[in-house]
Protein chains: 2
Amino acid sequence: MNTSVKTPSRIQTAMQAIQHRIDVAPGSKLPSIRRLAELQGVSKSTIVEAYDRLVAEGAVEVKAGSGFFAPARVRPFRLAEPGLQLDRAVDPLWIMRQSLAGTDSSLRPGCGWLPDDWLPGDVMRRVTRSIMREGKTNVTAYGNPQGFAPLRDQLARRLNERDIAAEPDSILLTDSATRAIDLVCRFLLQPGDTVLVDDPCYFNFQPMMQAQRVNVVGIPFTPKGPDLEFFATACIEHRPKLYLTTAVLHNPTGINISLGTSHRLLKLAEEYDLILVEDSVYADLEERPSPGLAALDGFERVIQVGSFSKTLTAAMRCGFIATRSDWIEGLTDLALATGFGVSDLPAQVTYRLLTDGSYRHHLDGLRPRLARNMATTIEHLENLGLTLWARPDAGMFVWAELPDGLDSSQIAQRALERNLILAPGNVFSVTRSANHHLRFNVSQCGDKRMFDELAEVMKNK
Amino acid sequence: MNTSVKTPSRIQTAMQAIQHRIDVAPGSKLPSIRRLAELQGVSKSTIVEAYDRLVAEGAVEVKAGSGFFAPARVRPFRLAEPGLQLDRAVDPLWIMRQSLAGTDSSLRPGCGWLPDDWLPGDVMRRVTRSIMREGKTNVTAYGNPQGFAPLRDQLARRLNERDIAAEPDSILLTDSATRAIDLVCRFLLQPGDTVLVDDPCYFNFQPMMQAQRVNVVGIPFTPKGPDLEFFATACIEHRPKLYLTTAVLHNPTGINISLGTSHRLLKLAEEYDLILVEDSVYADLEERPSPGLAALDGFERVIQVGSFSKTLTAAMRCGFIATRSDWIEGLTDLALATGFGVSDLPAQVTYRLLTDGSYRHHLDGLRPRLARNMATTIEHLENLGLTLWARPDAGMFVWAELPDGLDSSQIAQRALERNLILAPGNVFSVTRSANHHLRFNVSQCGDKRMFDELAEVMKNK
């Protein structure tokens, strides 16, 4: 018998021997190729092959210059899928961190919020000072586990105005809409479940769902909403538990899901036993509020989440979940177990702004300002040769296609060198099929330099 | 062949037929016993047995008067384990909600925080007003994804003073210590992993771990810390990934894990590849700070979390994670994906209180006040015949055993009728083996009525 002959069974035997060491001593250095070949009485090439396969499987780690290692047992969770090796420029979290960490001189048409000087900072300061002068407001104690009751009252009223039958007791306050979606998903999903999202969708939906350890299926998004035929097929093929969307002023496309599509989505949800989660963070930017999904359904199959982080302040955050009243207790328990409730003060401040007319006044100024910027942004983009996907009625987003097959990830990469933060299409696409699109935030496009910079970046292929 | 003979295989066949209907039409009504017996050509008693078994397994739901139903596919997550049917009086979350929702007239020796009038409300108001008067502080924008940098600086300094080698970049701000632990667990654990906790431990650790879908193993807690022999055996038997504790001013027992035990815990953690997560929320209540676990280890295997919710304010919440710097990016990504960062303002206020001397001044008044209440509480409890488990050096908790084999869950139940909120031992015990103990918060025991009420409840067997 010639030990230098590689047979599959020898490689497998060597792999098993290595696997045994990994199980016994996670985190430890594994024997060298030479040493293991001696121990097993096989050729070094057999051991090389065994290690190669285990490295490919992720069962063995290579440290340059130090050899092979058994992975540590505790392996931190990474949101970026290994194998995928996303370019950081199209990694959803990267663009978010860029936008958050960028310097004051950055131009940020790619970011998802209003410029700071569009937000009512002086009003926030005045109202907070006024609350602080009153002796009776709570500044130290834990609040109600479900959140500051007067704000829940106020939120229910506001939803009622949109024909959404919410009650204060069927609302749970959270720190943010993101946290609201996270809670809802932890409440309704099991790891391994499938969730439907729009393709394209709000980019953070992807890492959010990764954090839930669920599978994500993208539904092609049309100017009327998700493609219903595709949606129905996905329900049959993937048996999803949940559909997550921004029905009003959709992110990134800026459009509303049409009433007809909403109605048919609800019928499909009933047919395939699906829950629809509707993120309403941009809804207040509409002059005449669209119904969204919850108005049709009355919380039978729809959960609405929202916040004021996009329209009022992101420094004192206040989000909510509006849902079936019989789910509130379970959701509240989960919120206590995973965050011990929310800060009371942001809710008190938000309540004050909602009731003293400040928020309404702010929105009344904000909407026409956005509309003006929307018009000029579209004009500038069309002059640069970009094609509008659809003309939004309101809000801050425009979704547009680059001319000449230009690659938006490359454009975004190059733009960064010029301190211009763009939002390339694939960041929003679970199938990475939007590589000629960019999302523009019209409120961040007031500075004409932005378009000059973009023109330069587009020229410089 | 007599169809009235029940054979296991017939029952199984019937169960399979029912299961098939469940898979095809979740949420639907299932055939009646009579109908299914006809369809299957078996006796009704076979079908009854099949349904009985499926109901016991939780695969079929019974609705009174309506028959059998396939469970809906979307089944909300419940923190209370079904089968267990905990009395709500010893359900950890119930007591927390009681404490949070109780009326002003309730006596709350069982709750886990200071009375509101022990907290520096006026200082909070003054400092917040002062921040609001300054034009440059952020009141509207998203903050740094890792949290307000000056506060991270300050936290690092404070940890350094305790010989803990933290740097601002190795700290991530969160909304609360609970949220900090939740993030750490989501980062390091997989569903199905095992976590060690003290028995007894902070009651919320149990629902927190349920929310992670991990197994929990309780380690008997001694006046020097966890029983090390038991700890080592559990490491071998259960291969845990993580140990979660309150090393300083332990909740509920009030003691510190001894230096020797801490050292040996760290050696065991190294031997069995374990991460130790140390919740330090009560640590500032010590006059001379104990080192805890992180001081010995320097974040090799220890993660420290903390917050100011217990010592300063729970209405503007601010917690943190201090850990290895190479884990910060992953944790920050996860915090963005599941909450989109934290509110900036609570961090700004906390920073101001830490740097202008207010916090130090508050603690200097708080500690002797707690010490006085500790002494009188212990005296009162011993007069009532309770036995102290160990005498804490500082902090707010006392862990004491009832006389005469009295059942603390029953006592807590009866106390509620008198508007007295107690913390029965089993709330803190994963093995439900602390049913003669109660946890007392000495800061909530200033009103002598509390002891009179307790005496009444103990008498009235």
Check: B:R133 side chain, A:R129 main-chain N or O, donor-acceptor pair, under 3.5 Å: no
Flag side-chain contact, heavy atom, 4.5 Å: B:M208 against A:F340: no
Portion of B:D175 that has a non-hydrogen atom of chain A nearer than 4.5 angstrom: side chain
Contacting region of A:T174 [heavy-atom separation from chain B under 4.5 Å]: neither
Non-hydrogen atoms of A:L336 and B:N204 that approach each other most closely: O-ND2, 3.4 Å
Chain A contact via B:E134 - side chain, backbone, both or neither, heavy atoms under 4.5 Å: backbone
Residue B:S176 versus chain A: region with a heavy atom under 4.5 Å: side chain
Side chains of A:R186 and B:D182 in contact at under 4.5 Å (non-hydrogen atoms): yes
pair B:R213-A:R213: side-chain heavy atoms closer than 4.5 Å: no
Interchain contact, B:S309 with chain A, by part (heavy-atom threshold 4.5 Å): both
Region of B:I131 that comes under 4.5 Å of a non-hydrogen atom in chain A: backbone
Contacting moiety of A:L312, where chain B heavy atoms sit under 4.5 Å: backbone
